[in-house]
Amino acid sequence: MKKTIRKYIPLLLSAVLLLSGCGKNSPSSGEEVTTGAVTQEATTQAEERESTERSFPVTEQYVKLTGRTQINNDIRWLIHSASKIEFKMKGTKASVVVRSDGSINGAQSGKARYAVYVNGERTMERMVTKMEETVEVFSSGQETEAEIAIVKLSEAANSIFGVKEIRVTGSSDIEPLPEKKMKIEFIGDSITCGYGVDDEVKEHHFSTETEDATKTYAVKAAAELDYDYSIVAYSGHGIISGYSGDGQQKITQLVPSVYELLGKNYGSAGKLVGLDDPWDFSGFVPDYVVINLGTNDESYIGNDPEKKEAYIKGYTDFLKMIRKDNPSARIIASLGIMGDGLFPAVEEAVKRYTEETGDAKVSTLHFRPQDGSTGYAADWHPTEATQQLAARELVEHITALNKDPG
């Protein structure tokens, strides 16, 4: 019997050691192994989140919108000159899905043009040449914070384009950039659209390939003032007549008749967005509205007193419309960059409007006419250097108005 007990003593001791946690597979050792596994798993999951491509809709929850845009079938359509979407991201890659309005089937000179900015620097310029295309706009070897902007360079009349979705490889959501304290709206013609600014051969003609609204007095002044902006501008348009090469009135090219609508387009864009939809003026409430119209009217009016009187009346009525739609804004009636022949008529219109309504929050700005010293762009339009000079004049005018509490 004693021999039997001695035989099992080692076995009992082994069992006690195991139960007491002194064996090599003790719970404390096991905990260390388990903790290491959990830590590795968490790291792997974090890396997977960072390396996963995520898709975001182009809505105000995720992007800042500039200019008149519309979303339809989950596609955000950029309508007007210099309209844009902006967002902050943190990741290794970003791309956007770009959609055409169908203008790719027409002439190259009418296709939409846009640019990409990363942290305020332009990194890409493209024409929309495919019905749908995924374009990479940012890439980094490591997760990086960045601000991305997609900006429409060409005008609404010829083409629009859409952004279907934003795809970001990163671990967090994208978010819109913050709003600025002040806002400004520009109403104009080809000068405000940036017609031909990228083609400094005055004998050349219109093309969206050489149009860039970001190089105009409007966007340059807004940038210097640090204002948010919106542009409503159409090449060849005016107050009572569009550009007239034969002296006949062009009543199909009038800004007042389309100002209160989403936009105007000569192509197929109207099938994709409600261009005739009334614009909701509560979505963008400007502190300033700048009008720059009359250059095209002058080609029709010439020195005819009756036509000039019609322009003054039309301008006065347009001021009333602008005031109705923008009740708190200061209005600046400007003219002169490509000719100032109608500037006295602009002054007269403002005078009559003020006398009739008692509204004193309207001023005039006489832009210095271009003289060729800074060159000419396509069809004698202002170069970027000329646009910069006009931007400085506008900034000085607004700075002076800001000092006046009235």
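The figures here come from the full heavy-atom set of this structure, side chains too, leaving out hydrogens, waters and symmetry mates. Quantities reported herein were computed from a predicted structural model and do not represent experimental measurements.
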Between CH2 on residue W77 and CG on residue L272, distance to nearest 0.5 Å: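 Spacing of CH2 (W77) from CG (L272) equals 4.5 Å.
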Looking at I187 and V289, what are the two nearest heavy atoms and their distance?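 Closest pair (atom of I187, atom of V289, distance): CD1-CG1, 3.7 Å.
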Backbone N/O of I239 and side chain of D297: donor-acceptor pair under 3.5 Å: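 Checked: pair present.
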Check: Q70/D277 side-chain N/O donor and acceptor closer than 3.5 Å: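 D277 and Q70 do have a side-chain donor-acceptor pair below 3.5 Å.
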Ignoring hydrogens and angles, tell me if any N or O in the side chain of T208 forms a donor-acceptor pair with the backbone of S109 under 3.5 Å.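 Yes, because the side chain of T208 sits within donor-acceptor range (under 3.5 Å) of the backbone of S109.
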Side-chain contact, heavy-atom cut-off 4.5 Å: L275 with L261?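 Counting from C-beta outward, L275 and L261 never come under 4.5 Å.
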Within the side chain of K90, is there an N or O that forms a donor-acceptor pair under 3.5 Å with the backbone of S171?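 Not confirmed, K90 side chain does not pair with S171 backbone.
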Quick check: are there more than 12 heavy atoms from other residues, nucleotides or ligands sitting under 6.0 Å from CD of Q142?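 Atom CD in Q142 is not packed in, count stays at 12 or less.
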Gap between atom CG of D199 and atom NE2 of H204 - 0.5 Å precision: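 H204 NE2 to D199 CG: 5.5 Å, rounded to 0.5 Å.
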Measuring only between side-chain heavy atoms, which start at C-beta, is Q387 closer than 4.5 Å to Y217?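 The answer is yes, as the side chains (C-beta and beyond) meet within the 4.5 Å cut-off.
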Side chain to side chain contact (heavy atoms under 4.5 Å, CB included) between N292 and F367, worked out: CA-CA 10 Å; N292 189 357; F367 282 121; 4.1 Å; yes
Test side chain to side chain contact (heavy atoms under 4.5 Å, CB included) applied to E384 and K220, step by step: CA-CA 10 Å; E384 183 176 5; K220 287 179 180 292; 2.9 Å; yes
Student check: side-chain heavy atoms of Y288 and M182 closer than 4.5 Å: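 Yes, their side chains come closer than 4.5 Å.
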Quick one, Y114 and V98 - any side-chain contact, counting heavy atoms below 4.5 Å?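 Result yes, sub-4.5 Å side-chain heavy-atom pair found.
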Should the ring pair Y234 and H80 be called parallel, tilted or perpendicular, given that the plane angle runs from 0 to 90° and is split at 30 and 60?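 Y234 vs H80 ring planes: perpendicular.
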So Y62 and I166, do their side chains get closer than 4.5 Å, heavy atoms only?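 In short, these two side chains do not touch, never coming nearer than 4.5 Å.
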Do T192 and I231 make a side-chain contact, defined as non-hydrogen atoms from C-beta onward lying under 4.5 Å apart?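 Yes, their side chains come closer than 4.5 Å.
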Taking the side chain as every heavy atom from C-beta outward, state whether T216 and I191 have any pair of such atoms under 4.5 Å apart.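 With C-beta onward as the side chain, the pair stays apart.
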Can a donor-acceptor pair be found, under 3.5 Å and without considering hydrogens, that links the side chain of T316 to the backbone of Y353?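 Pair absent, no side-chain N/O of T316 close to backbone of Y353.
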Donor + acceptor pair across side chains of S83, T69 (<3.5 Å):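 On atom types as modelled, these side chains do not qualify, holding no pair under 3.5 Å.
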Both conditions, 6.0 Å and 45 degrees, for the charged tip of K307 above the ring of Y300: are they met here?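 Ring-cation test returns yes.
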Set out, in order, the CA-CA distance, both residues' side-chain angles and the distance that settles side chain to side chain contact (heavy atoms under 4.5 Å, CB included) for E348 and K308, then state yes or no. CA-CA 11 Å; E348 178 62 24; K308 191 170 294 184; over 6 Å; no
If I take atom NZ from residue K351 and atom OG1 from residue T364, how far apart are they, to the nearest 0.5 angstrom?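 Here the rounded value is 13.0 Å.
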Under 3.5 Å side-chain donor-acceptor pair for D287 and Y227: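 There is no such pair between these side chains.
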Is atom CD of E203 surrounded by more than 12 heavy atoms (other residues, nucleotides or ligands) closer than 6.0 Å?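 Result for CD/E203: enclosed.
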Could you check L394, L365, I291 and say which one makes a side chain to side chain contact (heavy atoms under 4.5 Å, CB included) with S334?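 Only one of L394, L365, I291 forms a side chain to side chain contact (heavy atoms under 4.5 Å, CB included) with S334, namely L365.
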For residues H205 and D379, is any side-chain donor paired with an opposing acceptor at under 3.5 Å?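 Yes, D379 and H205 have a side-chain donor paired with an acceptor closer than 3.5 Å.
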Using only atom types and a distance under 3.5 Å, with no angle test, would you say the side chain of D212 pairs donor to acceptor with the backbone of L153?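 Checking the backbone N and O of L153 against the side chain of D212, no donor-acceptor pair under 3.5 Å is found.
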The single option from R323, R330, K320 passing salt bridge (Lys or Arg N to Asp or Glu O under 4.0 Å) against D359: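 Of all the options given, the one that passes is R323.
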Basic-acidic side-chain contact under 4.0 Å: R113, E125: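 Answer for the salt bridge query: yes.
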Donor-acceptor contact below 3.5 Å, side chain N265 vs main chain A156: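 Indeed, once roles are kept as given, a pair shorter than 3.5 Å links the two residues.
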Looking at D173, I'd like to know if its CG atom is crowded, meaning that more than 12 non-hydrogen atoms belonging to other residues, nucleotides or ligands lie closer than 6.0 Å.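 For D173, atom CG is crowded (more than 12 foreign heavy atoms under 6.0 Å).
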State whether E147 and K64 are salt-bridged, where the test is any N-O pair (Lys NZ or Arg NE/NH1/NH2 against Asp/Glu carboxylate O) under 4.0 Å.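 No.
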Go through the steps to decide whether T374 and T386 satisfy the test side chain to side chain donor-acceptor pair (under 3.5 Å), and finish with yes or no. CA-CA 6 Å; T374 50; T386 305; 2.4 Å; yes
For the pair S235 (side chain) and D189 (backbone), establish whether a donor and an acceptor sit closer than 3.5 Å, ignoring hydrogens and angles.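 No.
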Taking the side chain as every heavy atom from C-beta outward, state whether E185 and R68 have any pair of such atoms under 4.5 Å apart.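 A side-chain contact under 4.5 Å exists here.
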Just checking, any donor-acceptor pair under 3.5 angstrom between side chains of D246 and S244?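 There is such a pair (donor and acceptor under 3.5 Å, judged by atom type) between the side chains of D246 and S244.
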Any Lys/Arg nitrogen of K313 or E356 sitting under 4.0 Å from an Asp/Glu carboxylate oxygen of the other?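 No, no charged N to carboxylate O under 4.0 Å.
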Over all atoms of both residues, closest heavy-atom pair of H237 and L254: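 Closest approach of H237 to L254: CD2-N, 3.6 Å.
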Shortest non-hydrogen contact from A310 to I240?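 In terms of heavy atoms, the two residues are closest at O-CG2, 3.7 Å.
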